[in-house]
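First the structure, in the form of structure tokens, and then the observations on it.
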Amino acid sequence: MEEWQEVFVGQISQGNYQTQVINGEEKGLILDLKNKDHHIVLDFGFVRAIRMLDEGIV
């Protein structure tokens with residue numbers, strides 16, 4: 001089983017965010033998070049693989 005470690009505790013404010021995932025060879029992996037008070041862009045650059053779980057499946 002994978003073990004995850006939270007690195008930047010408290011850096012992203014809790015809330016309900018609209019999420020846009022951008023993934024491609026030119027831009028790499030970018031997660032765009034928006035709500036009424038915040039706009040956060042997480043740019044991971046080039047990644048080899050990602051694992052995503054859609055809450056609708058859960």
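Model, not experiment: these values are computed from the prediction. This chain uses plain numbering: 1 for the first residue, then up along the sequence.
- Between the CG atom in Asn16 and the CD atom in Gln14 there is a gap of 10.5 Å [rounded to 0.5 Å].
- We find the CG-CZ distance between Asn23 and Phe46 to be 9.5 Å, quoted to the nearest 0.5 Å.
- Under a hydrophobic-cluster definition in which Ile, Leu, Val, Met, Phe, Trp and Tyr are linked whenever side-chain heavy atoms come within less than 4.5 Å, directly or via other members, Val7 and Leu42 are assigned to different clusters.
- Linking ILVMFWY residues whenever their side-chain heavy atoms come closer than 4.5 Å, directly or via other members, leaves Tyr17 and Val41 in distinct clusters.
- Between Asp43 and Lys27, the shortest heavy-atom contact is OD1-O, 4.2 Å.
- Here the NE2-CG distance, from His38 to Leu33, works out to 11.5 Å after rounding to the nearest 0.5 Å.
- One hydrophobic cluster holds both Val21 and Ile40 under the rule that ILVMFWY side chains link at heavy-atom gaps under 4.5 Å.
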Inset, instruction - For Ile30 and Gln20, run side chain to side chain contact (heavy atoms under 4.5 Å, CB included): C-alpha distance rounded to whole Å, both residues' side-chain angles, the deciding distance at 0.1 Å, then the answer. - result: CA-CA 8 Å; Ile30 300 171; Gln20 181 178 10; over 6 Å; no
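- Under the 4.5 Å side-chain heavy-atom criterion for grouping Ile, Leu, Val, Met, Phe, Trp and Tyr, Ile50 is connected to Leu31 within one hydrophobic cluster.
- Here the CD-NZ distance, from Gln18 to Lys36, works out to 13.5 Å after rounding to the nearest 0.5 Å.
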